[in-house]
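I have placed the structure first, in the form of structure tokens, so that the comments after it can refer back to it.
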Amino acid sequence: KAGVTQTPRYLIKTRGQQVTLSCSPISGHRSVSWYQQTPGQGLQFLFEYFSETQRNKGNFPGRFSGRQFSNSRSEMNVSTLELGDSALYLCASSLQRAGNEQFFGPGTRLTVL
Amino acid sequence: GENVEQHPSTLSVQEGDSAVIKCTYSDSASNYFPWYKQELGKRPQLIIDIRSNVGEKKDQRIAVTLNKTAKHFSLHITETQPEDSAVYFCAASRSQGGKLIFGQGTELSVKP
């Protein structure tokens with residue numbers, strides 16, 4: 001079974017731009033969670049989607065948003081990029097919202113110049 | 001608020017020794033505690049997890065213990081090998097899947 005995939009793997013943007021990241025979960029998995037990883041703040045939860053509905057949200061500004069499609073694929077969007085948004089963005093999928101372990105994708109490395 | 005504290009931040013051991021990493025969580029409603037291993041440039045990989053109705057779980061050289069009263073859980077690695085060198089993260093969640101609150105990570109170095 002294929003693992004979690006994320007596209008693109010690397011992105012370079014400038015301040016003020018917006019970006020969209022994509023995550024395809026393991027086949028059959030319905031829950032997708034997003035995390036931001038930085039050297040200073042570690043791994044921080046952004047949001048979780050299950051059956052196209054946002055079920056949990058972390059403490060990030062409204063510039064960070066996401067959605068999930070009927071095939072469980074998920075996208076996250078960051079608008080008005082800031083230098084501090086430079087990070088590795090990881091998504092993780094699980095079989096259902098409450099019941100199974102999360103499996104991570106390889107991440108998207110975002111650099112904001 | 002929800003918080004997970006992890007210690008130590010770095011740990012260096014000799015090959016064959018044991019390594020112990022400790023985490024404390026603040027949310028008493030947490031009931032699922034996974035541990036992830038992240039090698040340099042790679043994704044976090046789940047190595048073991050424990051649920052709140054269990055006090056200890058073991059998988060070959062890796063074991064995890066949970067003390068719900070103290071809100072404390074630990075990862076134990078025995079007979080360490082150089083390939084165990086990585087950053088280890090503990091996490092806590094109110095449910096399996098969903099929102100994981102991570103500790104700050106422990107960089108483990110196993111010297112041959």
Side-chain angles (χ1 to χ4, degrees), chain A residues 2-6 9-10 23-26 28-51 53-60 66 68 72 74 87-109, chain B residues 1-10 21 23-27 29-54 57 59 62 64 73 75 86-107:
Chain A
V4 180
T5 59
Q6 292 187 245
R9 294 294 310 280
Y10 302 91
C23 172
S24 292
I26 293 170
H29 284 198
R30 299 171 62 191
S31 171
V32 174
S33 298
W34 288 88
Y35 297 86
Q36 181 195 66
Q37 185 173 28
T38 59
Q41 298 298 316
L43 278 155
Q44 291 188 291
F45 174 79
L46 281 155
F47 26 66
E48 180 214 1
Y49 286 88
F50 178 75
S51 292
T53 301
Q54 187 182 89
R55 291 291 191 168
N56 278 297
K57 191 176 189 307
N59 298 322
F60 280 80
Q68 187 179 33
S72 295
S74 177
L88 179 67
Y89 290 88
L90 292 157
C91 76
S93 75
S94 61
L95 192 57
Q96 56 192 31
R97 179 171 174 266
N100 293 83
E101 58 267 24
Q102 294 187 31
F103 298 92
F104 280 87
T108 294
R109 173 73 62 184
Chain B
E2 301 155 316
N3 186 50
V4 175
E5 293 200 2
Q6 182 173 345
H7 298 281
S9 56
T10 60
I21 302 170
C23 290
T24 303
Y25 60 98
S26 62
D27 184 0
S30 296
N31 56 16
Y32 175 64
F33 308 91
W35 287 87
Y36 285 85
K37 174 184 179 183
Q38 187 175 30
E39 295 176 73
L40 190 62
K42 296 192 175 181
R43 71 188 76 188
Q45 290 199 306
L46 180 69
I47 56 172
I48 195 168
D49 57 14
I50 191 167
R51 291 155 178 82
S52 60
N53 58 347
V54 175
K57 183 177 178 180
D59 182 4
I62 294 173
V64 59
F73 58 113
L75 177 71
V87 179
Y88 290 80
F89 292 95
C90 64
S93 173
R94 288 187 172 192
S95 60
Q96 299 157 29
K99 179 179 181 179
L100 289 176
I101 304 299
F102 282 90
Q104 287 295 90
T106 296
E107 184 173 1

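These numbers come from a predicted model, not from an experiment.
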Worksheet, complete the sentence: The interface call for A:Leu43 against chain B, heavy-atom contacts under 4.5 Å, is both
Discussion item. Are the side chains of A:Tyr35 and B:Leu100 in contact, using a 4.5 Å heavy-atom criterion?
Written reply: yes
Discussion item. Contact between B:Phe89 and A:Gln37 at the side-chain level, heavy atoms closer than 4.5 Å - yes or no?
Written reply: yes
Item to complete: Please say whether more than 12 non-hydrogen atoms of neighbouring residues, nucleotides or ligands are located less than 6.0 Å from CD in B:Glu107.
Response: no
Practice prompt. Determine the minimum heavy-atom distance between B:Lys99 and A:Lys57, stating which atoms define it.
Written response: NZ-O, 4.1 Å
Worksheet item: In residues 38-47 of chain B, which residues are in contact with chain A at a heavy-atom separation under 4.5 Å?
Response: B:Gln38, B:Arg43, B:Pro44, B:Leu46
